[in-house]
K.L.:
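Mind having a look at this structure? Questions to follow.
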Amino acid sequence: MSDSDDLFIREDPIFVNKELLEISHLPDEDRIVGRDEEISQLANAVNPAIFGQSPSNVLIYGKTGTGKSLCAKYVSSQLVSTAEDEGVDAIFAYVDCAQDTTETQAVQTIADSVNTPEADIYIPDKGISTATYYKRLWRILDAHHDVALIILDEIDKLEDDSILMQLSRAGEAGKIEDCKIGVIGISNKIKYKDRMDERVKSSLCEREFVFPPYDATQLNEIMEARSDAFRDGVIEDGVIPRAAALAAREHGDARKAIDILRYAGEIAQSTNADTVPEDFVVQARERAETDRFSELISGSTPHSRYVLQALTVLSLNDEDATGYRTTRIYDVYEDICRQEGADALSLRRVRDLLKEHAFLDVIEQSRHSGGSAEGSYTEHELLEDPEVVKEVLEDNIE
DNA sequence: AATCCACTGGAAGTGATGGATG
DNA sequence: CATCCATCACTTCCAGTGGATT
């Protein structure tokens with residue numbers, strides 16, 4: 001590095017191409033590791049689309065960070081460009097159902113991403129009935145596309161599957177005539193299929209794939225493949241194997257592995273280090289945890305935080321207990337509300353708030369049955385270290 | 001077997017918010 | 001403009017639940 005005093009002309013000493021480490025980044029094929037088999041099978045399933053025929057509907061299973069979305073997106077984008085060579089107008093839409101949990105929101109994003117300037121159809125964000133979104137979607141597809149691939153990521157987060165129904169029946173119901181639709185569903189719960197509607201199940205699950213978790217060697221390769229995000233020689237030798245080992249232990253989640261690598265680089269940046277030594281990896285993992293956590297908390301309402309605070313207070317004062325009853329938490333929660341000068345919410349609502357926290361893996365719930373006149377009840381327990389929760393909670397007051 | 005009872009969770013509803021539409 | 005539409009954050013009501021006690 002030059003030792004010039006110019007504040008702003010300095011080059012980033014750590015990263016050259018940081019986008020390689022963003023989760024949304026779609027790598028080239030030679031950077032996708034250990035998924036050759038899956039990719040070719042997937043390509044095979046949607047292949048008819050190239051000639052304007054109906055692609056098979058596909059359901060992909062696999063734990064988080066096993067490359068499901070990555071492969072689906074990759075295959076879809078390849079398909080679109082190959083189809084173009086054949087003179088077929090294909091398009092694909094990606095919906096993250098964790099973001100768009102209702103039928104309406106999901107159709108909205110599909111319609112929005114399938115929309116083209118030529119179509120000149122206005123897709124508002126909200127304020128319109130679900131039926132209208134469908135109508136406009138069919139109109140766009142019919143008039144401007146031959147084939148549409150719709151990727152529904154985290155499909156198990158959808159509140160109801162009527163959208164799947166609509167999509168799979170669109171052709172038969174005569175809603176669209178000149179466009180074929182293929183659906184790629186992605187779920188991390190194998191059980192998801194069981195709770196699906198019988199009719200949807202038969203049409204949606206023409207092909208099924210299961211993506212196994214990555215092992216440490218593959219994680220190693222994945223990170224190796226993306227290591228040119230860093231400047232030459234910045235990462236010390238042990239870093240990648242160490243991060244791979246950590247991530248492999250936590251269920252082979254490649255996303256987490258890459259996150260760790262990025263955080264390690266950021267730590268180096270903020271401490272003005274020239275290289276990334278191995279022990280940054282451990283720090284990076286902790287930071288990834290607390291970051292995720294404070295992200296979750298900052299998005300929640302004050303009362304949601306008070307509830308969590310109540311549970312934290314209990315955990316700190318009474319350490320040997322393994323869980324706390326809803327009513328006990330509610331009592332503490334009422335105290336907190338009094339201190340904050342806020343009206344307490346109903347018990348019913350607090351139960352739902354606790355359930356939401358459980359859903360986000362912030363706390364864990366367990367059902368118990370008590371003795372006489374005790375009935376059945378739920379106990380709640382913090383999953384993170386109470387001290388950490390307390391800190392994050394305090395940082396988030398505003 | 002009936003009763004108890006703290007606790008659970010589904011259902012329906014309310015009123016406010018923000019936006020589209022004819 | 002009035003009318004529709006979805007959604008949020010929350011409430012009220014109420015039919016279970018399940019093991020000990022009667």
Side-chain angles (χ1 to χ4, degrees), chain A residues 95-115 119-140 152 154 156-167 191 195 197 295-311 314 318 321-338 340-360 362-381 396 398:
Chain A
V95 183
D96 181 5
C97 300
Q99 233 96 59
D100 305 317
T101 50
T102 64
E103 185 188 1
T104 318
Q105 287 169 339
V107 217
Q108 198 271 328
T109 30
I110 295 173
D112 194 41
S113 52
V114 147
N115 202 5
D120 196 32
I121 291 178
Y122 175 48
I123 307 290
D125 287 350
K126 44 176 159 172
I128 237 177
S129 75
T130 311
T132 315
Y133 279 125
Y134 276 120
K135 270 183 214 151
R136 295 190 185 182
L137 173 63
W138 304 144
R139 216 157 78 218
I140 294 171
L152 294 170
E154 305 210 50
D156 45 309
K157 296 272 161 63
L158 275 180
E159 275 162 21
D160 59 315
D161 40 1
S162 41
I163 184 164
L164 304 176
M165 190 78 138
Q166 294 286 341
L167 289 175
K191 283 189 294 181
R195 26 173 264 245
D197 188 290
E295 183 106 352
L296 287 178
I297 290 182
S298 63
S300 55
T301 57
H303 282 285
S304 175
R305 264 176 276 156
Y306 298 158
V307 170
L308 206 56
Q309 196 182 335
L311 183 53
L314 280 169
D318 188 357
T322 53
Y324 309 91
R325 290 186 172 219
T326 316
T327 37
R328 215 174 144 199
I329 296 171
Y330 189 68
D331 289 342
V332 181
Y333 160 77
E334 280 184 307
D335 283 345
I336 293 173
C337 284
R338 227 164 286 144
E340 301 282 339
D343 288 342
L345 299 177
S346 66
L347 212 201
R348 185 66 187 82
R349 178 63 185 149
V350 170
R351 280 210 301 269
D352 279 348
L353 290 176
L354 283 164
K355 207 172 160 189
E356 279 169 29
H357 281 136
F359 186 73
L360 295 171
V362 175
I363 66 176
E364 192 175 57
Q365 298 182 321
S366 50
R367 281 300 283 273
H368 299 270
S369 304
S372 173
E374 290 279 293
S376 59
Y377 57 91
T378 312
E379 284 197 342
H380 312 264
E381 194 182 354
N396 265 288
E398 263 141 71

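Below, each value reflects all heavy atoms present in this structure, side chains not excepted, and no hydrogens, waters or symmetry copies. None of these values were measured; they are calculated from a predicted model. Each chain gets a letter, A, B and so on, in the order its sequence line appears, and its residues count up from 1.
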K.L.:
For a quick check under 3.5 Å, do T378(A) and H380(A) share a side-chain donor-acceptor pair by atom type?
P.N.:
no
K.L.:
Figure out the CD/P separation between Q365(A) and dC7(B), and round it to whole Å.
P.N.:
15 Å
K.L.:
Hey, is the side chain of S346(A) poking within less than 4.0 Å of OP1 or OP2 on dT11(C), counting only N and O atoms?
P.N.:
yes
K.L.:
For the side chain of L345(A), counting heavy atoms from C-beta on, which of dT8(B), dC10(C), dC5(C) is nearest?
P.N.:
dC10(C)
K.L.:
Within this structure, what is the CG-to-P distance between D343(A) and dA9(C), rounded to whole angstrom?
P.N.:
17 Å
K.L.:
Between dA6(B), dT11(C), dT8(B), which nucleotide gets closest to the side-chain atoms of R351(A)?
P.N.:
dT8(B)
K.L.:
From C-beta outward on R325(A), which listed nucleotide comes closest to its side chain: dC10(C), dA6(B), dA6(C)?
P.N.:
dA6(B)
K.L.:
Go through dC7(B), dA6(C), dC10(C) for me and flag the one nearest to the T327(A) side chain.
P.N.:
dC7(B)
K.L.:
Y377(A) has a side chain; which of dC10(C), dT8(B), dT11(C) sits nearest to it?
P.N.:
dT8(B)
K.L.:
With heavy-atom distances below 4.5 Å as the criterion, would you say the side chains of T326(A) and Y333(A) are in contact?
P.N.:
no
K.L.:
Does dT8(B) have OP1 or OP2 sitting under 4.0 Å from an N or O in the side chain of S376(A)?
P.N.:
no
K.L.:
Can you list everything that forms a salt bridge (charged side-chain N to carboxylate O under 4.0 Å, His left out) with D96(A)? Sequence neighbours excluded, please.
P.N.:
none
K.L.:
Tell me the interatomic distance from L353(A), atom CG, to dC8(C), atom C1', rounded to whole angstroms.
P.N.:
13 Å
K.L.:
Salt-bridge test for R328(A) and D331(A): reply yes if a basic N is under 4.0 Å from a carboxylate O, no otherwise.
P.N.:
no
K.L.:
When you compare the side chains of T132(A) and S129(A), does any donor N or O come within less than 3.5 Å of an acceptor on the partner?
P.N.:
yes
K.L.:
Between P on dT8(B) and NE2 on H368(A), what's the gap in Å once rounded to a whole number?
P.N.:
11 Å
K.L.:
Can you tell me if S129(A) touches the phosphate of dA6(C), counting only side-chain N or O atoms and a distance under 4.0 Å to OP1 or OP2?
P.N.:
no
K.L.:
Can you check the Q105(A) CD to dA6(C) P distance for me, whole Å?
P.N.:
12 Å
K.L.:
Reading DNA chain B from 5' onward, which residue's closest nucleotide shows up sooner: K355(A) or R328(A)?
P.N.:
R328(A)
K.L.:
So which atom in I123(A) and which in Y133(A) form the shortest heavy-atom distance, rounded to 0.1 Å?
P.N.:
CG2-CE2, 4.1 Å
K.L.:
Summarise protein proximity over nucleotides 12-22 of chain B in one line of letters, 5' to 3': B for base, S for sugar-phosphate only, - for none, counting protein heavy atoms closer than 4.0 Å.
P.N.:
------SBSS-
K.L.:
Rounded to whole angstrom units, what separation is found between the CG atom of L347(A) and the C1' atom of dC14(C)?
P.N.:
15 Å
K.L.:
In this structure, how many angstroms lie between the C1' atom of dG10(B) and the CZ atom of R349(A), rounded?
P.N.:
15 Å
K.L.:
Whole-Å distance between dA6(C) C1' and Y133(A) OH?
P.N.:
9 Å
K.L.:
Are Q99(A) and T109(A) close enough that some pair of their side-chain heavy atoms sits under 4.5 Å apart?
P.N.:
no
K.L.:
Looking at every non-hydrogen atom in both residues, tell me the closest pair between Q108(A) and P124(A) and how far apart they are.
P.N.:
NE2-O, 3.2 Å
K.L.:
For K157(A), look at atom NZ and say whether over 12 heavy atoms of other residues, nucleotides or ligands are found less than 6.0 Å away.
P.N.:
yes
K.L.:
Can you spot which of L308(A), L345(A), I329(A) makes a side-chain contact (heavy atoms from CB on, under 4.5 Å) with L353(A)?
P.N.:
L345(A)
K.L.:
Under 4.0 Å from any atom of DNA chain C, heavy atoms only: list the residues of residues 95-102 of chain A that qualify, in numerical order.
P.N.:
T102(A)
K.L.:
Should the side chain of R348(A) and the base of dG10(B) be counted as holding a donor-acceptor pair, with the cut-off at 3.5 Å?
P.N.:
yes
